[in-house]
Protein chains: 2
Amino acid sequence: MKIPSQLAAIPLFEGLSEENYADLAAIVLDKVFHKGQTIFSEGEEGNGFYVVVAGRLKIFKLSREGKEQILHIFGAGEPFGEVPVFAGQRFPANAEALEDCRVFFFPRAAFVELIKRNPSLALNMLAVLSRRLRQFTLLIEDLSLKEVPGRLAAYLLYLSHQQAGSDEVELDIPKNLLASLLGTIPETLSRILARMIRQGLIEAEGPRIKIVDRQGLQALAVVGSYRST
Amino acid sequence: MKIPSQLAAIPLFEGLSEENYADLAAIVLDKVFHKGQTIFSEGEEGNGFYVVVAGRLKIFKLSREGKEQILHIFGAGEPFGEVPVFAGQRFPANAEALEDCRVFFFPRAAFVELIKRNPSLALNMLAVLSRRLRQFTLLIEDLSLKEVPGRLAAYLLYLSHQQAGSDEVELDIPKNLLASLLGTIPETLSRILARMIRQGLIEAEGPRIKIVDRQGLQALAVVGSYRST
DNA sequence: CGTGGCCTTGATAAAGTTCAAGAGCCGTGG
DNA sequence: CCACGGCTCTTGAACTTTATCAAGGCCACG
């Protein structure tokens, strides 16, 4: 597929002129990463940022003992790795492909030039970073102020919201990744799912989860918003 | 003091022209908050953002049961409350004056106009948000991947770094606030300080803490960086 | 002086992690 | 085509960390 038409599908580039797309197309690099491959690592110099074209990837931190905390899971259309472009030069976290991925890479200098000449691009990028700050405040709130059942309840309600409010939701990531996203470990997640089933809050078979007592989940989550933007 | 000269002292506005300062001065509102006063609350609509002129304040989240997690403590020159300007309209957290504060308030619409006409202002703001994202990744790492002694060790080393690398550091906030900043409670902080003293890592009297075994602290913190920008 | 905030310490309880074991599933290669 | 190895997921028991509840000390400020 032609690159300019793919660029137009990226929300970050909404509202740009034809000329701008041409400029972007001129600087973009098309890259492919296979499942499990590292895209970048914490501490590395970042000379540009990325946008996911296809596939999914995780942005995560690692502790010395090997425990992982996922910060984001990104899919098509979402930009990532922007922080070093505007501050500090180095990636604050790691990125790894969860599936085979295609990404666009935009080199820093050319992109900054484009921003300078293009207020609406600047505002779009400010909106992206602001949304991300908002998401992080929710994650911090989860980690510091809620217990694991509350985080899980919030996540399930969020999934339901995403999937048209249906009571039958399907986990789109394996449970060990979900554990890492919620700031816990697979054993704990497993136990808490079992408990929720015992308490009649949900039913589950494999990745399919049915919300039985929505009120009960909401009471655990305190509020239904889960990293909603 | 004249407003334009104060504007020039704000890093966010570095590199602007005289004319820009005049524009900013035309839209700015000068506000005062007394110690303990709420500046804004989570969920409120934000029609602009702020810059601290004098005094300090905290940005924080509250759990249903009243536990508090501090996200930032800001002092003179630091902008805050920008998220709603660029995304989502509503404040993601609360702000409260820790001391009597003077702040500048910049209404959203006028400020966005200014950004559109001013690429370097846009880039400065992008840098501010990017730095904040980086700080949040460190806070998330602390909360999720480190235990309280590790967070405290990192904080002490960070303080030492701030205070010219001296081995004698002085806490610039009361210990109950420090507990909330580290994602714990005063009792736990107190116990861990006592333990560190027993282990010969530090000495302490009141807010004055002497780093005795820097290596030992570094081993706990894994790395000396604490929310370093 | 006395009251309230801040800080510390102890006893207890809760939540989560670690370690260990085992079940189920799938793809690869013999 | 089947067996093996690897991976995910679950469950149990012991242990660690942290929070909670309660009490007491200290200091500053009214």
Rounded to the nearest Å, what distance is computed from the [atom1] atom of residue [X] to the [atom2] atom of nucleotide [N]?
X	N	atom1	atom2	answer
A:Leu182	D:dC9	CG	C1'	16 Å
B:Arg151	D:dT17	CZ	P	13 Å
A:Ile185	D:dT10	CD1	P	13 Å
B:Glu187	D:dC21	CD	P	10 Å
A:Glu65	D:dT16	CD	P	15 Å
A:Leu145	D:dA19	CG	P	11 Å
A:Ile173	D:dC9	CD1	C1'	15 Å
A:Arg208	D:dC9	CZ	C1'	18 Å

Next item on the list: Please determine, by modelled atom types, if A:Arg214 and A:Ser160 share a side-chain donor-acceptor pair under 3.5 angstrom.
Entry: yes

Minimum side-chain heavy-atom gap [X]-[Y] below 4.5 Å:
X	Y	value
B:Val83	A:Thr137	no
B:Met125	A:Phe86	no
B:Pro92	A:Glu141	no
A:Phe106	A:Val85	no

Checklist line | Toward the 5' end of DNA chain C, by each residue's nearest nucleotide, B:Asn176 or A:Thr188 | finding: B:Asn176

Next item on the list: Walk along DNA chain C from 5' to 3' and tell me the first and last nucleotide with an atom closer than 4.0 Å to a non-hydrogen atom of chain A.
Entry: C:dA15 to C:dC19

Note to self: So for atom CD, which belongs to A:Glu14, do other residues, nucleotides or ligands contribute more than 12 heavy atoms lying within a distance under 6.0 Å?
What the structure shows: no

Check: Is the base of D:dT20 touched by the side chain of B:Arg191 through a donor-acceptor pair closer than 3.5 angstrom?
Finding: yes

Notebook entry, point to check: Contact class for B:Pro149 vs. all strands (heavy atom < 4.0 Å): base, sugar-phosphate, or nothing?
Noted result: sugar-phosphate

Next item on the list: Decide if the gap between the ring center of A:Tyr50 and the ring center of A:Phe40 is smaller than 6.0 angstrom.
Entry: yes

Item checked: Side chain of B:Val148 (C-beta onward), nearest among D:dT10, D:dT18, D:dA19 -> D:dT18

